[in-house]
Protein chains: 2
Amino acid sequence: MNSKISEKVIERLILYKNILEDLENQGILNIYSHQLAKMADVTPVQLRRDLMLLSYYGKPTSGYEVSTLLKAIENFIYKSDCAKVALVGLGHVGRAILNYFQGRSKLLKIIASFDKDYEKVNRVIAGCRCYHISEAPSIIKREDIKIAIIAVPQSSAQEVADMLIEAGIIGILNYSPMRLNVPANVYVEYRDMVRAVEKVAFFACYKNQ
Amino acid sequence: MNSKISEKVIERLILYKNILEDLENQGILNIYSHQLAKMADVTPVQLRRDLMLLSYYGKPTSGYEVSTLLKAIENFIYKSDCAKVALVGLGHVGRAILNYFQGRSKLLKIIASFDKDYEKVNRVIAGCRCYHISEAPSIIKREDIKIAIIAVPQSSAQEVADMLIEAGIIGILNYSPMRLNVPANVYVEYRDMVRAVEKVAFFACYKNQ
DNA sequence: ATCACACTGTTAATTTATTCACAACAAATA
DNA sequence: TATTTGTTGTGAATAAATTAACAGTGTGAT
Ligand SMILES: NC(=O)c1ccc[n+]([C@@H]2O[C@H](COP(=O)([O-])OP(=O)(O)OC[C@H]3O[C@@H](n4cnc5c(N)ncnc54)[C@H](O)[C@@H]3O)[C@@H](O)[C@H]2O)c1
Ligand SMILES: NC(=O)c1ccc[n+]([C@@H]2O[C@H](COP(=O)([O-])OP(=O)(O)OC[C@H]3O[C@@H](n4cnc5c(N)ncnc54)[C@H](O)[C@@H]3O)[C@@H](O)[C@H]2O)c1
């Protein structure tokens, strides 16, 4: 049917969505492509091109209506069967994530967290209870959770991933530096901050000769 | 001189570097492009193409020598004048970063952290002392720090960025969701985990129809 | 009314990134 | 020695992403 949707377009649409949420909160009703593009650090043409994916149309006179464009993007991006998220590993990173995440996405919710440390089990952080990792398969299946965040040490990441996938997880955000071996239908995104800083350091210097 | 270097190539080179470090620790001396490519989830051709940026050559018989290829990539990626990193904001995220980062990059070191909360000032975490944010300009100038990680609340991110840039920072890794307004010579990378999870959720569902 | 304007949506052109296809090569084998 | 094998490095081809160019359109000024 559709031609393949690229990662970059989706990243940009999600960014536009964020910006539009802010604009809506500020009570701004309409916006032109060049204004929104500036806020997103893209060209106006690219923005308009990206919006072609949606079935949404602005007006040459008043530009885009913030609320309806926002809805159109949400509609395109959000898949309601991927709304529930599990978090594995309640160490430094896991807690930072949990404290930050809840309520920040209109659709996505972390509805369970897991750890192997009994000190952490049964604690409730940001409205989310922590269960022992051994309960993960049954809870993930029962709640039909499809998305997981991995924040366990590198040495446990692969075994945790195997277990999650076995239980039905199809999307993983992996904060450990471990490269995961997963079946083809599972989507994995890696977030290693060391790599991120190295990239920044390279391009910062590169830009300045 | 050279044609422009793309972000994706650099991200991949950094990933190859990581993998090669692991291989070196495992005592593996040589590796073929198809093996390394598999570990990095790229095609062998792409890997070889990427290595064309380096002035490094493998052998048709034994492939690449792990140690020398690693050095070649380090040589290409690491710019010694961007080795020092500052961290601003010692909350949940800041502490997670500090605990994780030190010693994981051969070149980069977080040599100072800053917070406005006097409770945190003078604490030493992972060998890095925390200073009051008001001291940031002088320390950054004195130590000639060029790279910074921002982990303060969204509401303070722009003012912190302005101050850092004024003090000489040219590369920022921004963990707050705030879009920063910066001069053209400053490179900014954004790491918002809500956006990341939303991307994962989209593509996980997309992949599975 | 009509014109100039400022904007959107989209086709076409261009640039960038990836993949294909193969020459060159060194070792192993017959 | 000649041949086969498996690899690298890269020019050429293809695919993907971005940018340019412009037709269409409602608005407000003249
Ligand atoms: N991407 C980043 O920015 C970043 C930053 C810091 C750390 N990290 C990585 O994230 C991961 C977590 O880092 P951290 O600083 O939070 O570590 P941590 O040691 O503070 O926390 C790890 C948690 O995982 C739990 N755990 C360990 N094995 C488990 C298992 N098999 N099942 C369930 N839970 C298990 C531990 O009990 C602990 O609570 C590490 O892999 C680290 O390398 C990433
Ligand atoms: N990218 C992610 O994965 C992720 C995850 C969680 C939080 N966040 C974001 O990262 C930022 C920090 O989150 P957190 O959970 O660590 O928050 P936090 O409240 O735990 O920590 C913020 C820290 O910044 C300090 N601070 C505030 N204003 C400051 C200023 N002007 N100068 C210096 N220090 C200042 C505070 O004293 C505090 O120590 C927030 O913007 C949050 O939105 C990002």
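A note on names: the letters A, B, ... follow the listed sequences, proteins ahead of strands, and every chain is numbered from 1.
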Nearest-nucleotide 5' precedence on DNA chain D, B/Y32 against B/V45 = B/Y32

query = B/S62 near the nucleic acid: base, sugar-phosphate alone, or nothing, with a heavy-atom cut-off under 4.0 Å?
reply = nothing

note = Per atom distances to the A/R12 side chain, the nearest of D/dT10, D/dT18, D/dG6 is D/dT18

ask   = For the pair made of NZ in B/K8 and P in D/dA17, what is the distance, rounded to whole Å?
value = 7 Å

inquiry  = Please report the distance, rounded to the nearest Å, between CD in B/Q35 and P in D/dG6.
reply    = 14 Å

query = With a 4.5 Å heavy-atom cut-off, do B/I111 and B/V85 have their side chains touching?
reply = no

query = Could B/K106 and B/E74 be called an ion pair, given the rule that one side-chain N must be under 4.0 Å from one carboxylate O?
reply = yes

ask   = Parallel, tilted or perpendicular for B/F203 and A/Y187, by the 30°/60° rule?
value = parallel

inquiry  = From the set D/dT10, C/dA17, C/dG9, return the single nucleotide nearest to any side-chain atom of B/M52.
reply    = D/dT10

task = Provide, to the nearest angstrom, the distance between the OH atom belonging to A/Y56 and the P atom belonging to C/dT10.
result = 14 Å

Euclidean distance, atom CZ of residue A/R48 to atom P of D/dA21 [Å, nearest integer] = 14 Å

ask   = So does A/R179 pair up with B/D41, basic N to acidic O under 4.0 Å?
value = yes

message = Tell me if the side-chain of A/R49 makes a donor-acceptor pair with the base of C/dT10, cut-off 3.5 Å, by modelled atom types.
response = no

ask   = When you measure from the side chain of A/Q46, which nucleotide among D/dG9, C/dT8, D/dT18 comes out closest?
value = D/dT18

